[in-house]
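What follows is a single structure, written as structure tokens, with notes after it.
These figures come from a predicted structure and were not determined experimentally.
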Amino acid sequence: MPQIKTAKKRFPETFAPSQSNGTEVYRGLDQISKKLIKSLVEKTKYEDWKRKGEYMICTKPIKYSPHRDWQSWSYSKSIAKNFGGDATLVTKQDNNFYFSNKTMRIVFGDNEREVLHNGKTFSNPVYIMMHFYRFEDYLSEPLMKKSKKNKR
């Protein structure tokens, strides 16, 4: 990492992301783990979720702890959605993201408008959005029950 950080400063056209810090980035989740569902039920209320088009977006940040030190994120919501059917994570790019679009195309041979994040923590909040039908499958009923209990 120290060499990559130094290279990012010396060769930003290769090692720095093409988009500026603060740009939204997306990561598709192929499956939502039972642990994540349990956490969302415990830590959110139905009122914390807002419908926007085909998505339900949680307005409260979630704790996202990736399994690997490097994760790919996309500048395109639709591309991230294709990587994962159940949900999409959203955060903002910061100094822990690396590699320009050109570098990513050379290395991986495609144009996914991708950037890599290094580390298992994030300095910007991470949010989750789910397709409405997945929200209905996983969260709607438990959150509604929880909301009704709290109103008593």
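Atom NZ of Lys63 sits in a sparse spot, with 12 or fewer heavy atoms from other residues, nucleotides or ligands closer than 6.0 Å. The environment of Lys38 atom NZ is sparse: at most 12 non-hydrogen atoms of other residues, nucleotides or ligands sit within 6.0 angstrom. Residue Glu136 qualifies as enclosed at atom CD: its count of foreign heavy atoms under 6.0 Å is above 12.
The two atoms that bring Lys120 and Arg68 nearest to each other are CE-C, 3.9 Å, heavy atoms only. The nearest pair of heavy atoms linking Thr88 to Tyr26 is CG2-CB, 3.8 Å. The shortest heavy-atom contact between Leu89 and Ile62 is CD2-CD1, 3.7 Å. Leu116 approaches Met104 most closely through the heavy-atom pair CG-CE, 3.8 Å. When all heavy atoms of Lys146 and Lys43 are compared, the pair lying nearest together is NZ-N, 4.1 Å. Across every non-hydrogen atom of Val25 and Lys92, the tightest pair is CG2-C, 4.4 Å.
Connection of Met56 to Tyr133 is not established within any shared hydrophobic cluster, with ILVMFWY side chains joined at heavy-atom distances below 4.5 Å, either directly or through further cluster members. By the rule that hydrophobic residues join a cluster once side-chain heavy atoms approach within less than 4.5 Å of another member, Ile4 and Val107 end up as members of one cluster. In the hydrophobic clustering of ILVMFWY residues, with side-chain heavy atoms under 4.5 Å counting as a link, Phe132 and Val90 come out apart. Taking hydrophobic clusters as Ile, Leu, Val, Met, Phe, Trp and Tyr residues chained together by side-chain heavy-atom distances below 4.5 Å, Met129 does not share a cluster with Leu139. When hydrophobic clusters are built by joining Ile, Leu, Val, Met, Phe, Trp and Tyr residues whose side-chain heavy atoms come closer than 4.5 Å, directly or via intermediates, Tyr55 is not grouped with Leu36.
Taken to the nearest 0.5 Å, the CD1 atom of Ile128 stands 12.0 Å off from the CZ atom of Arg27. Interatomic distance, Ile57 CD1 to Asp48 CG, rounded to the nearest 0.5 Å: 13.5 Å. Note: Arg134 CZ to Ile37 CD1 = 10.0 Å, rounded to the nearest 0.5 Å.
With hydrogens and angles ignored, the 3.5 Å screen pairs no side-chain donor or acceptor of Ser39 with any backbone N or O of Lys35. Of the possible donor and acceptor atoms, one in the side chain of Gln71 sits under 3.5 Å from a partner among the backbone N and O of Gly119. The backbone N or O of Phe99 lies less than 3.5 Å from no partner atom in the side chain of Lys102, so there is not a single donor-acceptor pair. Formation of a donor-acceptor pair under 3.5 Å by the Asp69 side chain with backbone atoms of Asn118 is not found in this model. In this structure, Ser100 contributes its side chain and Ala16 its backbone to no donor-acceptor pair below 3.5 Å.
In this structure, a donor-acceptor pair under 3.5 Å is absent between the side chains of Thr59 and Trp49. Asn21 and Asn95 form a side-chain donor-acceptor contact under 3.5 Å, judged by distance and modelled atom types alone. Using modelled atom types and a 3.5 Å distance limit, the side chains of Ser74 and Ser76 yield no donor-acceptor pair. A donor-acceptor contact closer than 3.5 angstrom is absent between the side chains of Tyr75 and Asn101. Gln93 and Thr23 are not linked by any side-chain donor-acceptor pair at a separation below 3.5 angstrom, with hydrogens and angles left out of the test. When only modelled atom types and interatomic distance are considered, Ser123 and Asp94 share a side-chain donor-acceptor pair under 3.5 Å.
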*Determine, step by step, whether Tyr127 and Thr91 satisfy the side chain to side chain contact (heavy atoms under 4.5 Å, CB included) criterion, reporting the C-alpha distance in whole Å, the side-chain angles of both residues, the deciding distance to 0.1 Å, and the verdict.*
CA-CA 6 Å; Tyr127 297 91; Thr91 192; over 6 Å; no

*Which is it for Glu47 and Lys60 under the salt bridge (Lys or Arg N to Asp or Glu O under 4.0 Å) test, yes or no, and what are the steps along the way?*
CA-CA 10 Å; Glu47 297 78 25; Lys60 291 175 78 172; over 6 Å; no

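In this structure, Met130 and Tyr138 have side chains that are in contact, with non-hydrogen atoms separated by less than 4.5 Å. Residues Lys77 and Glu24 have side chains not in contact (no heavy-atom distance under 4.5 Å, counting atoms from C-beta outward). For the pair Phe15 and Thr103, the minimum side-chain heavy-atom distance is 4.5 Å or more. The shortest distance between side-chain heavy atoms of Ser65 and Phe122 does not fall below 4.5 Å. A 4.5 Å side-chain heavy-atom check between Ile32 and Asp86 finds at least one atom pair inside the cut-off.
Ring geometry for Phe97 against Trp73 counts as perpendicular: the plane angle is over 60°, on a 0 to 90° scale with 30° as the lower cut.
His117 and Tyr98 have their aromatic ring centers separated by at least 6.0 angstrom.
Lys8 has no carboxylate O lying under 4.0 Å from a charged side-chain N of Glu13, or vice versa, which leaves the two without a salt bridge.
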